[in-house]
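Shown next, in structure tokens, is the structure this report addresses.
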Amino acid sequence: MDIRLVAEGPWRFRIERTGAMRVPGVVLAPRELLPDEPGDEALAQVAHVATLPGIVRASYAMPDIHWGYGFPIGGVAATDVGRGGVVSPGGVGFDISCGVRLLTAHVDRAALLRKLPVLMDRLDGLIPRGLGRGGLWHLAGRAQLHEILRGGARYAVEQGHGVPRDLDRCEDGGAVGDADTTWIGERALERGAGQVGSLGSANHFLEVQAVDAVYDEACARAFGLRPGLVCVMIHCGSRGLGHQICADHVRAMDSVMRRYGIDVPDPQLACAPVDSPEGRAYLGAMAAAANFARANRQLLADAARGVFRETTGTGLDLLYDVSHNLAKLERHADDGAARPLLCVHRKGATRALPPGHPGLPDGLRPFGQPVFVPGTMGTASYVMTGTIGNRAFDSCCHGAGRVWSRHRAHREMPAHRLRQELAGTGVAVRPVSWRSVTEEAPEAYKDVDAVVRASEHNDLGRLVARLVPLGVLKG
DNA sequence: ATGTAC
């Protein structure tokens with residue numbers, strides 16, 4: 001598909017509506033953040049998404065956009081459920097409800113520094129990570145897995161893995177309501193059963209960080225952040241379970257799309273009307289995988305809490321837990337007076353509720369929803385907050401965004417050089433293997449500072465604080 | 001992202 005990219009000022013581009021596109025593309029990034037590898041298809045993917053039945057307003061790309069399966073990563077698309085709008089598993093991604101949670105410690109960087117090596121050693125020995133491997137929670141049986149799929153972090157807390165206050169600080173109170181395990185295959189259940197409480201690999205991590213800068217003091221105070229404070233950031237998702245569910249439902253939709261008269265420019269955009277048996281089946285299974293991911297992050301946070309208590313005698317408070325790979329049924333104002341029900345796909349895009357939104361807990365509502373933007377290994381991460389002017393269906397960026405393919409990263413970054421470079425930063429990196437993390441080298445990613453700046457210029461979110469890593473656990 | 005693939 002030919003693309004006509006038009007600059008709309010220094011911070012954004014429009015992809016003109018042509019051919020089968022139903023709406024334009026809107027790329028919320030300055031030129032230096034646009035994909036520029038020869039043959040990169042990320043912008044074509046923005047245009048492909050614009051052809052989906054029922055799509056409204058525009059096919060959006062966040063500043064961290066890069067190539068993905070069907071949809072770009074950093075893509076946002078909303079379809080009108082009442083007008084034949086579709087749901088597409090490729091618009092959520094393989095790692096269903098992958099997301100980030102941030103916990104604030106009761107200790108400052110200076111006070112922790114002496115104990116950091118032993119803290120990292122304990123976490124290193126405790127947290128399961130890497131491909132395959134086990135999970136922290138040894139389930140009593142298949143019935144308990146179903147409880148997790150229905151109850152998410154809420155069930156984990158009920159079982160003693162956390163405190164009730166945690167749930168107040170989770171998106172959806174820790175559990176999505178409409179999970180339906182009927183539409184999860186045996187293989188997906190099998191893969192998930194041993195992985196509750198595990199990080200996984202690639203860009204997933206658990207980091208001990210410190211607040212390095214505060215940009216909005218009132219908001220930071222409400223979030224419990226101040227300069228020098230230690231935090232724990234956890235980035236992971238639904239592991240093999242979500243992956244298998246995505247694969248299964250892509251296949252199912254691929255075989256029925258024609259029956260619904262749907263034609264897409266890329267088979268990876270397999271989809272079905274939200275209001276169809278296949279659409280409902282995917283959304284039910286997706287919600288169950290989302291609950292799995294929230295329980296997963298809850299278990300990891302609770303384990304980190306135990307390690308902090310043992311080594312420092314201090315606690316960890318959950319600031320917030322939010323997904324950046326999910327489709328949700330939401331009402332948004334259209335250009336008239338109506339608020340139609342939309343299926344909002346966010347793939348590598350963080351939901352970012354504005355100040356005053358009823359979906360926020362009392363303590364956060366005046367300030368907006370915390371948005372977490374993890375950088376790459378050894379670099380800064382950011383905390384942002386939702387804004388009222390967000391036109392991308394209350395969505396923001398989700399990270400630095402890849403610029404090198406995983407293959408190219410392996411080619412250009414030998415393990416020994418990465419190890420040497422990170423040693424120079426003073427960050428205690430504990431990977432399962434150095435070879436496995438070469439594709440996560442900082443050079444393989446965009447500049448996260450530029451990504452958050454572009455997000456702010458495009459009214460996707462506002463900067464609240466900058467966090468720097470002290471210790472990193474990787475897959 | 002993922003027991004990198006039926």
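Labels below follow one simple rule: chain letters A, B, ... track the order of the sequence lines, proteins then strands, and each chain is numbered from 1. Since we're looking at a predicted model, the values are computed, not measured.
Interatomic distance, CG of A:Leu467 versus CG of A:Leu102, reported as 6.0 Å (0.5 Å rounding).
For the pair A:Arg129 CZ and B:dT2 P, the computed distance is 14 Å after rounding to whole Å. For A:Arg251 and B:dC6, the CZ to P distance is 9 Å, given to the nearest whole Å. Counting to the nearest Å, the P atom of B:dT4 and the OH atom of A:Tyr69 are 17 Å from each other. The separation between A:Phe94 atom CZ and B:dT2 atom C1' is 8 Å, rounded to whole Å. Atom CD of A:Glu440 is separated from atom P of B:dT4 by 16 Å (rounded to the nearest Å). Whole-Å rounding puts the A:Gln244 CD to B:dT2 C1' distance at 9 Å. Atoms NE2 (A:His204) and P (B:dT2) sit 5 Å apart, rounded to a whole Å. For A:Leu199 and B:dT2, the CG to P distance is 10 Å, given to the nearest whole Å.
Taking the six-membered ring where the residue is Trp, A:Phe393 and A:His332 present perpendicular rings, their angle passing 60° and hence far from 30°.
The ring pair (Phe, Tyr, Trp, His ring centres under 6.0 Å) contacts involving residues 230-256 of chain A comprise A:Phe94-A:His243, A:His204-A:His235, A:Phe205-A:His235, A:His235-A:His324, A:His249-A:Tyr282, where partners must be two or more places apart or lie in separate chains. Applying the side-chain hydrogen bond (donor to acceptor under 3.5 Å, both in side chains) rule to pairs touching residues 30-40 of chain A yields A:Glu37-A:Arg408, sequence neighbours excluded.
Not one side-chain nitrogen or oxygen of A:Arg406 sits closer than 4.0 Å to the OP1 or OP2 atom of B:dT4.
A:Glu439 comes within contact range of no nucleotide atom at all, as no heavy-atom separation falls under 4.0 Å. If you check every strand for non-hydrogen atoms under 4.0 Å, A:Gly240 touches sugar and phosphate atoms only.
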